[in-house]
Student: 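Right, I'll just put the structure down here and ask away after.
Numbered from 1 within each chain, the chains take letters A, B, ... in sequence-line order. Just so we're clear, the structure is a prediction, and the values are computed from it rather than from any experiment.
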Protein chains: 2
Amino acid sequence: MRRDLDLQARQILKTAKLYCTAGRVAVLRVLLRADKPLRQDQIAKRLGKKRFNKVTIYRTLESLLRVGLVHKAFMAERAWHFELAHNCSETQCHPHFTCTKCGSTHCLTGMSLPMVKSPHKGFHIHRQQTRLEGLCPACA
Amino acid sequence: MRRDLDLQARQILKTAKLYCTAGRVAVLRVLLRADKPLRQDQIAKRLGKKRFNKVTIYRTLESLLRVGLVHKAFMAERAWHFELAHNCSETQCHPHFTCTKCGSTHCLTGMSLPMVKSPHKGFHIHRQQTRLEGLCPACA
DNA sequence: AGAAAATTTGCAACTTAGTTGCAAATTCGG
DNA sequence: CCGAATTTGCAACTAAGTTGCAAATTTTCT
Ligand SMILES: [Mn+2]
Ligand SMILES: [Mn+2]
Ligand SMILES: [Zn+2]
Ligand SMILES: [Zn+2]
C-alpha cells in the first residue's frame, strides 16, 4: 500500500502548511517507514530511484523540523539523526537504546520515563531526552 | 595554586598509566577547572599560551577517553564535547541542562536519576544519559 | 486554464570538525 | 644516559553540513 503512504505524507504536509513537493513527500515516506533515527545519507539511500540533492534533503528535513514533524535524535555519532516526532510527547522524546556490541539503535517507544524535576532553584525543565547503552537482545 | 593543579593532573595521569606529557597535563588541567563540557576549540582557547596542534588535542582527549578519565558529553551541537568523568557513576553520567533561550549548558551534578529498567525483553541497560532543556535561572 | 507570486530545488563552491600517515621529538624504564 | 615505546606536529585529507543564486516547481489569484 505505497499509495496509502503517499497520501498520508501529502496529508501531513498539507496540514503543516508546507508546499507539497516531490522531495518532501519522498523524505516523509522514508521517515514514516523508518523504525529508528536516520542520517541524511541513510535517507538518501532509502529514497532509492528518487534521487535528490543532499542539500535538498537537508533543507527538507529543516522544514520538517521547523513545523515540529521531525526531531533530531541524540546519537553518539558525528552526523545528525532525524526521526518523526510522532512518538514523542510534549515534554519528552522516547528513549533510544544503542547496543555497545553491534551498534544497533532501537527506539524504545511506549515507555514514558518520569519527568525529571528541577533540583537547582531557578531551572525550568521543559523537555528531557534519554539515551541508553547496553546489550541488545541479539548480543546479550 | 596552579602548581597544585599541575601536580594533581600528573598524579592522575600516572595512576592511569599514561605518559605524562606536556599536552596531557595541560589539557587535563583545563578539564579539571571546567564546569561544563568543552569542545576541542574551547579547550585550545583555554590553553592560552600553551599552544598545541589540534590533532594533538584530539589525540590527547582520545587517550583520556580510553582510560575512562573523560566522557564525550551529549550535546545538540555538531562538535563533540568532552568533560571529566569524575561526576559520573558507573551507570550514568549526571544530566546536562541546556537553556533554550541563552544556550548555556549546566552540569547538574549531585542529582542521580533512577536507573531506567529495561521494558522490552532482552535489552540489558548498562548506562544511561539524560539531557534536559528549558530555561536557566538567568532567563526564566 | 493561465499568469503572477511564493517557495523549493540543484549546483557548485565553501566551511568546519575530525582523521590519517609519517618523520621528528619526547618520555620512561633500566 | 641509552634504547624502546609513545607522543607530537605538520600537511593533506575526508565527511557533514552550509550558502548564494538562478532555474524549476507549487500554490494562489483571476
Ligand atoms: Mn526514536
Ligand atoms: Mn557535565
Ligand atoms: Zn547488539
Ligand atoms: Zn538561559
Student: Report all interatomic pairs (protein N or O, nucleotide N or O of nucleotides 10-13 of chain C) with separations under 3.5 Å.
Tutor:
{"residue": "C/dG10", "atom": "OP2", "partner": "A/Asn53", "partner atom": "N", "Å": "3.3"}
{"residue": "C/dG10", "atom": "OP2", "partner": "A/Thr56", "partner atom": "OG1", "Å": "2.1"}
{"residue": "C/dG10", "atom": "N7", "partner": "A/Arg59", "partner atom": "NH2", "Å": "3.3"}
{"residue": "C/dG10", "atom": "O6", "partner": "A/Arg59", "partner atom": "NH2", "Å": "2.5"}

Student: If I take atom CD in residue A/Gln40 and atom C1' in nucleotide C/dT9, what distance separates them, rounded to the nearest angstrom?
Tutor: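 Taking CD of A/Gln40 and C1' of C/dT9, I get 15 Å after rounding.
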
Student: Nearest-Å distance, NE2 (B/His81) to P (C/dG18)?
Tutor: 9 Å

Student: What integer distance in Å separates A/Glu62:CD from D/dT18:P?
Tutor: 7 Å

Student: To the closest 0.5 Å, what do you measure between CZ (B/Arg29) and CD1 (B/Ile12)?
Tutor: 12.0 Å

Student: Could you check whether any side-chain N or O of B/Gln92 sits under 3.5 Å from a backbone N or O of B/Pro114, counting only pairs where one atom can act as donor and the other as acceptor?
Tutor: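 Side chain of B/Gln92 to backbone of B/Pro114, a donor-acceptor pair under 3.5 Å: no, none is there.
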
Student: Can you list, in residue-number order, the parts of residues 68-80 of chain B that come under 4.0 Å of DNA chain C, counting heavy atoms only?
Tutor: B/Arg78, B/Ala79, B/Trp80

Student: Do you reckon A/Tyr19 sits in the same ILVMFWY cluster as A/Leu69, going by side-chain contacts under 4.5 Å, direct or chained?
Tutor: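 Different clusters.
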
Student: In whole Å, what is the span from the CG atom of B/Leu38 to the P atom of C/dA17?
Tutor: 14 Å

Student: Does B/Met111 belong to the same Ile/Leu/Val/Met/Phe/Trp/Tyr cluster as B/Leu84, with side-chain heavy atoms less than 4.5 Å apart forming each link?
Tutor: no

Student: Please, which pairs that meet side chain to side chain donor-acceptor pair (under 3.5 Å) have at least one residue in residues 99-115 of chain A, sequence neighbours excluded?
Tutor: A/Thr98-A/Thr105, A/Ser104-A/His106

Student: Using only side-chain N and O atoms of A/Arg24, determine if any of them is under 4.0 Å from OP1 or OP2 of C/dT8.
Tutor: yes

Student: Atom CD of A/Gln42 and atom P of D/dA15: how far apart are they, to the nearest Å?
Tutor: 15 Å

Student: Mind checking B/Thr60 for me? I need base, sugar-phosphate or nothing, with any heavy atom below 4.0 Å counting as a touch.
Tutor: sugar-phosphate

Student: Side-chain polar contacts of residues 71-79 of chain A - donor-acceptor pairs under 3.5 angstrom, sequence neighbours left out - could you list them?
Tutor:
{"residue": "A/Glu77", "atom": "OE1", "partner": "A/Arg39", "partner atom": "NH1", "Å": "3.1"}

Student: Charged N to carboxylate O under 4.0 angstrom, A/Arg10 versus A/Asp6?
Tutor: yes

Student: For nucleotides 24-28 of chain D, give me every protein contact, N/O to N/O, under 3.5 Å, one pair per line with atom names.
Tutor:
{"residue": "D/dT27", "atom": "OP1", "partner": "A/Cys20", "partner atom": "N", "Å": "3.0"}

Student: Quickly work out the A/Arg66 CZ to C/dT7 C1' distance and round it to whole Å.
Tutor: 10 Å

Student: Could you list the donor-acceptor pairs under 3.5 angstrom formed by side chains in residues 55-66 of chain B, with sequence neighbours left out?
Tutor:
{"residue": "B/Thr60", "atom": "OG1", "partner": "B/Thr56", "partner atom": "O", "Å": "2.8"}
{"residue": "B/Ser63", "atom": "OG", "partner": "B/Arg24", "partner atom": "NE", "Å": "3.0"}
{"residue": "B/Ser63", "atom": "OG", "partner": "B/Thr60", "partner atom": "O", "Å": "2.6"}

Student: Membership question, hydrophobic clusters at under 4.5 Å side-chain separation (ILVMFWY): are A/Ile125 and B/Leu135 in the same one?
Tutor: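 In one cluster with B/Leu135: A/Ile125, no.
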
Student: Would you kindly confirm whether A/Leu108 and A/Val116 end up in one hydrophobic cluster when ILVMFWY residues are joined by side chain heavy atoms under 4.5 Å apart?
Tutor: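 No, A/Leu108 does not connect to A/Val116 through the hydrophobic network.
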
Student: What is the distance from CG of A/Leu13 to C1' of C/dT8, rounded to the nearest Å?
Tutor: 13 Å

Student: Is it the case that the side chain of B/Arg131 and the backbone of A/Arg127 share a donor-acceptor pair, with hydrogens and angles ignored and the cut-off at 3.5 Å?
Tutor: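 Not a single qualifying donor-acceptor pair exists.
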
Student: Measure the distance from NZ on A/Lys17 to P on C/dT7 and round it to the nearest whole Å.
Tutor: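 So the two atoms are 13 Å apart, to the nearest Å.
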
